[in-house]
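Working notes, beginning with the structure itself.
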Amino acid sequence: MSIWDRDRGVDAARGLAMVLMTATHALRVFHSDATPEFGQWLLRIEPVTPMLFFVIAGWSLARSLRRTSDPSAWRKRHLLRALALWTISAALFFAYSGPQWPEILVSNGVLGCMAVSIAVCALVGGGWMAGTALLIASVTSWLVLDLHGIRIDGINNGTFPLLPYLPVFLAAYLVERLLRWKPWTHEVLATTGAFWVLVLSLRPGFRHLWGDWGVTNTFQDYFQTAKHQFNGFALSRDLLQGLPPIPRRVGFWAPLPALVPVAVSLAGLCVQFFSAIAERFPSRLRPLSLLGRHGLAYYVGHLALLGAISWILPPQCDEAPWTWLAASFAVAGAGLAYAAWREP
């Protein structure tokens, strides 16, 4: 698709999500003694970032279906795309955590979650009733599981990616069709989203997004060796040399049902806000929209760059309170340079 046919506001919102993702990853890579207040705020709103990715991806997939003249070829293309994303996700999982089995099959970084969601929606295709039924079934299943304390929805690697991100993706996929069918629902959804954010944020507020109200922990049992805890290649070599695996428990954060409507509403409002700016002042969003059009390359590249910066810097810089911010600017700048090179 030509860049002139794209929604620059949506691309800019995706670019914003990528910048937020970079900053929060950098905050975890570079462990300063005291996280600056701005860094703490970024961590508090981190649950909104994956929602931005999934709202945008679901909506964009629906738009691509609307433009196609061959639904069968469209389905095949996106199933292959989902397989490619899953393969990249599994490779990244192996490089970081090693041959954890069967966790590597259901590793669920953003790419793994996206792969499953794309595959499901590609199979649903234009089936409005089937998509709605699947959305209701997935939300109901998630609520029932959560009621019994069963959580399979971490956003990091190691737990099954289906919930709650598939329902979010499905909802965005179906809403795009609703907005085309009934344009007046655009204002209704925007008003409802703003009202939902205000009502549910009055009592808990952003300072509790990481507290008991919004986020809980889920755990997976991984293994390490006496020599290595991370680095899949080193772990594999240790196992081949006969070193015994040592069990370890890994924790991941998982959003609770009360948080998801707020995070989804914030993500939707962000996309609408950026789209409104793009309609009137398209050039002002060019850096973010440029970044947002090269999301996959940026995602893989930002992981490699943050790892390289962490490896190069001396320990005193690694622990400095400003290092995460400098690294974030460096990675985002490299991403912009790459995107500008791809679109001269």
Answer yes or no: does atom CZ of R284 have more than 12 heavy-atom neighbours from other residues, nucleotides or ligands under 6.0 Å?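 No - once you tally the heavy atoms of other residues, nucleotides and ligands closer than 6.0 Å, there are 12 at most.
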Taking all atoms of both residues into account, what is the closest heavy-atom pair of [X] and [Y], and its distance?
X	Y	value
V19	L288	CG2-CD2, 4.2 Å
E46	P50	O-CD, 3.2 Å
P99	L239	CG-CD1, 4.1 Å
P167	V139	CB-CG2, 3.8 Å
S97	Y222	OG-CE2, 4.0 Å
A267	V55	CB-CG2, 4.2 Å

Does a donor on one side chain sit under 3.5 Å from an acceptor on the other, for Y298 and T22?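 Side-chain D/A pair, Y298 to T22: present.
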We want to know whether T225 and D238 form a side-chain donor-acceptor pair, criterion being a heavy-atom distance below 3.5 angstrom.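 The criterion, which ignores hydrogens and geometry beyond distance, is satisfied for D238 and T225.
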Could you grab the distance from atom [atom1] of [X] to atom [atom2] of [Y], nearest 0.5 Å is fine?
X	Y	atom1	atom2	result
L291	R286	CG	CZ	11.5 Å
M129	L174	CE	CG	11.0 Å
C121	L170	SG	CG	4.0 Å
F274	I56	CZ	CD1	9.0 Å

Run the side chain to side chain contact (heavy atoms under 4.5 Å, CB included) test on V331 and H25 for me, step by step, so that the C-alpha distance in whole Å, both residues' side-chain angles and the decisive distance to 0.1 Å come before the verdict. CA-CA 11 Å; V331 171; H25 285 180; over 6 Å; no
Check for a donor-acceptor pair, side chain of [X] on one end and backbone N or O of [Y] on the other, with a separation under 3.5 Å.
X	Y	answer
H302	Y299	yes
S310	G307	no
S289	L285	yes
Y173	G125	yes
S328	W324	yes
T68	L65	no
S64	L61	yes

[X], [Y]: one ILVMFWY side-chain cluster at the under-4.5 Å cut-off?
X	Y	value
I118	L79	no
L52	L259	no
I246	Y96	no
W128	L166	yes
V10	I277	no

Side-chain ion pair, E176 and R66, N-O less than 4.0 Å: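 The answer is yes: the pair qualifies as a salt bridge.
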Does R8 pair with D11 as a salt bridge, N-O distance under 4.0 Å?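 No, this pair does not count.
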Check whether any side-chain heavy atom of [X] lies under 4.5 Å from a side-chain heavy atom of [Y], and answer yes or no.
X	Y	answer
Q241	K227	yes
L111	W86	no
S236	F94	yes
L92	I88	yes
I136	T140	yes
R342	R293	no
L16	C270	yes

Given L85 and L296, is the side chain to side chain contact (heavy atoms under 4.5 Å, CB included) satisfied, shown in steps? CA-CA 9 Å; L85 288 176; L296 180 58; 3.9 Å; yes
Assert yes or no for the condition that the ring centre distance of Y165 to F53 is strictly below 6.0 Å.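 When the ring centroids of Y165 and F53 are compared, they turn out to be at least 6.0 Å apart.
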Could you go step by step and tell me if I309 and L313 meet the side chain to side chain contact (heavy atoms under 4.5 Å, CB included) rule? CA-CA 6 Å; I309 293 170; L313 287 179; 3.7 Å; yes
Should F169 and V116 be marked as a side chain to side chain contact (heavy atoms under 4.5 Å, CB included) after you check the CA-CA gap, both sets of side-chain angles, and the distance that decides it? CA-CA 10 Å; F169 192 102; V116 174; over 6 Å; no
